[in-house]
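In this text the structure is predicted, and so the values were computed from the model without any measurement. The chains referred to below are lettered A, B, ... by the order of the sequence lines, with proteins before strands, and numbering in each begins at 1.
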There are 2 protein chains.
Amino acid sequence: MATTIKDIARKAGVSISTVSLVLNHKGYVADETREKILSIIKEMDYKPLHSARKLATQKTGNMGYILWEGHFSEVEMFYSQVFLGMEYAARKNDYYILLTTVNDHFDPRQDLPRFLKYNDVDGVALAGRVPLDLIHYLDKHAIPFVLVDYEVPGKNYNTIKIDNYNGAFRAVEFLIEQGRRHISFVGGTFIHPSIKERYRGYKDALEKHGLLNNSYLEAYSYCENVETSRAIGEKGIKKLLKSRPEIDGVFCCNDTTALGVLSGIQSMGKTIPEDVAVIGFDDIPPAEFSSPKLSTVSVPKLDIGKEAYKLLYEQIYNPNIMPQTRIISVDLVIRESSQTKNKP
Amino acid sequence: MATTIKDIARKAGVSISTVSLVLNHKGYVADETREKILSIIKEMDYKPLHSARKLATQKTGNMGYILWEGHFSEVEMFYSQVFLGMEYAARKNDYYILLTTVNDHFDPRQDLPRFLKYNDVDGVALAGRVPLDLIHYLDKHAIPFVLVDYEVPGKNYNTIKIDNYNGAFRAVEFLIEQGRRHISFVGGTFIHPSIKERYRGYKDALEKHGLLNNSYLEAYSYCENVETSRAIGEKGIKKLLKSRPEIDGVFCCNDTTALGVLSGIQSMGKTIPEDVAVIGFDDIPPAEFSSPKLSTVSVPKLDIGKEAYKLLYEQIYNPNIMPQTRIISVDLVIRESSQTKNKP
DNA sequence: TATTTTAATCGAAACGTTTTAATTTATTTT
DNA sequence: AAAATAAATTAAAACGTTTCGATTAAAATA
């Protein structure tokens, strides 16, 4: 069969312990023997058998990545990218990321992902909004976990956050700088904290520039209490434009919505960006291919995945460390949908 | 620590061998003892440690799922759904599916997914178009694999195919039955066999109904030699409509393209389906939310994943079985984009 | 009844690592 | 030169299963 650590030891004329030591960069071993062993390993193309290693170390070498079914299979590609980022980062330590989904009706006794049921992961990353019961389960069973782009009010868990507030603030401020004066907000449910934060950034930017009066938000924002989608965006902006034709800028809670907003505006005979400027959030791939190309707040999805991995890894190997929150900063990227209104 | 097989054996007053036998449904064990052991297992919530089991059985309990980076992270959600289907099916046998991507510049010596490098999978599924060198590597190393929605000309590998030809044929025939007479095709690169087959179905349907003359295909099809995208669809149909304003139906190589076609037609001031009927292929989620809602050939993505899993599983446990091809049939689903042209 | 077959159970080896503690060898300190 | 310390190596135990072959008990056959 495949070559084992024994074969290496025999050929190198040492014990398997020594080979193991060089493999794991531990203990003392003479430079000379190390070199010899290393070269034999390469020569025989030896690869430690992971299941044996795992049995001995009592680690699984796996991390879980859980997300809501809808986010994976439906409209969002955001979290797939985050997954990829984790997967890339995990290569360094030979971790595998096991991806699975949970759905809305989650009962820990029944619907627990099997890598949790069978203790096949050392920790898990939770992407986006996931059932609270799942979080509680992990907490209770002391399984290391990190929340990605989500948070639980009043609880202090390990979290990777996007700088939603500043991203939104900056985007809206940009619209104002470009001469827009009637800027509306289109979004979905506020269950997701990210969206709430983006709304707050929107509001504060308006306020800073003295655009916010009593009835402003009521008149200029459209939020429906469902998951975001193109359809919501299209429907929302149409309704807004009908009652407020003076709208000349839209900040959307995310790109998916923004793409719908684009269609909505166009279907009402207005042009983008001349009549209405639009900025989204996330920078998902289709944003580059829309017409006009969508300006947006770009979120570094791969980096998020990478940070999630790193944080989770630290938690696994230092279980007593305090929970941390890391904030990933974002960039405003200007494409076509938000050009200057009035060139000076 | 966690309860082990020893704990179960001790409590049941039997040897660990016996416990193992009932766990694996092997050998003879008296009904009475089986019941007893089973109930103790449940009572103590015993879960066999996978790494130990894997070490003993010399199986990894993992399958790989490899797809081209672009397909995962960019516009396509098709293969994500297939993955989900595999993941669902894998639950039955406690297999884990390890997802990873490869990119265009693939060198087996460098870019081999690490689950292959470290022999951490019992077999792999290849989704869509993947580098030929990868396939050759698997073939050479006798690693069980199945191709999903792809094939290599002249080679007889395990394959899950979509019934592209008949799906396309049926879609186009439907357009004809509805009174359409100038039906064009919009697509991307023919590198992918599926697209080639869909084109063939398109052509044959036209021919069957006597619509195909010498210059037809040239005049009415638009194919660009790049990956399919919305942009291609939009660009393609605009160009076609300019030279052939009589076009009253479009069959698209897939939904992504079709969504672009929808925008393209609308941006030229025509209405769907009154002026032009559109049918796509794949039935990706956004097809349900476009306006008008996209008629399409629905491909059961979860089923594909499930079949891929089953075929791969069979290959792993019967390595000497002949390579098989399984064809997944498709359904024409009529939504709004293809209504009857002339009601009688 | 003695023998063979079948059913039920078990002891022990095997799977390929890591790790602890012991041992040997080399180096430094007194 | 002896004693103490540090460096290098190793034997053996441990990780938790499966499985092979042996053993015993019960049932079927002669």
Parallel, tilted or perpendicular, as decided by the 30° and 60° cut-offs, for the rings of B:Y309 and B:Y313: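 The rings of B:Y313 and B:Y309 sit tilted, inter-plane angle from 30° to 60°.
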Closest to the [X] side chain: [options]?
{"X": "A:V14", "options": "D:dT10, C:dT17, D:dT19", "answer": "D:dT10"}
{"X": "A:L55", "options": "C:dT19, D:dG16, C:dC10", "answer": "D:dG16"}
{"X": "B:T57", "options": "D:dT19, C:dT17, D:dT9", "answer": "D:dT19"}
{"X": "B:T18", "options": "C:dT17, C:dC10, D:dT9", "answer": "C:dC10"}
{"X": "A:Q58", "options": "D:dG16, C:dT17, C:dT9", "answer": "D:dG16"}
{"X": "A:I5", "options": "D:dT17, C:dT19, C:dT17", "answer": "C:dT17"}
{"X": "B:S17", "options": "C:dT17, D:dT17, C:dA12", "answer": "C:dA12"}
{"X": "A:A56", "options": "D:dT9, D:dC15, C:dC15", "answer": "D:dC15"}
{"X": "A:A30", "options": "C:dG16, D:dT10, D:dA8", "answer": "D:dA8"}
{"X": "B:S20", "options": "D:dT19, D:dT17, D:dA7", "answer": "D:dT19"}

Interatomic distance, [X] [atom1] vs [N] [atom2] [rounded to whole Å]:
{"X": "A:K59", "N": "C:dG16", "atom1": "NZ", "atom2": "P", "result": "24 Å"}
{"X": "A:L21", "N": "D:dT10", "atom1": "CG", "atom2": "P", "result": "10 Å"}
{"X": "B:R34", "N": "C:dC10", "atom1": "CZ", "atom2": "P", "result": "14 Å"}
{"X": "A:N24", "N": "C:dG16", "atom1": "CG", "atom2": "C1'", "result": "13 Å"}
{"X": "A:D7", "N": "C:dT17", "atom1": "CG", "atom2": "P", "result": "9 Å"}
{"X": "B:H50", "N": "C:dT17", "atom1": "NE2", "atom2": "C1'", "result": "19 Å"}
{"X": "A:D31", "N": "D:dA8", "atom1": "CG", "atom2": "P", "result": "7 Å"}
{"X": "B:R53", "N": "C:dT17", "atom1": "CZ", "atom2": "C1'", "result": "20 Å"}

Under 3.5 Å: donor-acceptor pair, side chain of A:D163, backbone of A:V330: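 Flag not set: sc A:D163 to bb A:V330 has no pair under 3.5 Å.
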A:F83/A:Y79 aromatic ring centres below 6.0 Å: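 No, too far apart.
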Residue whose nearest DNA chain D nucleotide is more 5′ - A:I16 or A:G27: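 Final value for this comparison: A:G27.
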Side-chain donor/acceptor contact of B:S15 with base of C:dG11 under 3.5 Å: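 No such pair is found, so the answer is no.
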Distance-only side-chain donor-acceptor flag, B:D122 / B:T60, under 3.5 Å: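 Yes, side-chain donor-acceptor contact under 3.5 Å.
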Check ion pair B:K310-B:E314 (N to O, under 4.0 angstrom):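 No, B:K310 and B:E314 are not salt-bridged.
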Sugar-phosphate only, base, or nothing, as touched by A:K54 at under 4.0 Å among non-hydrogen atoms: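 No contact.
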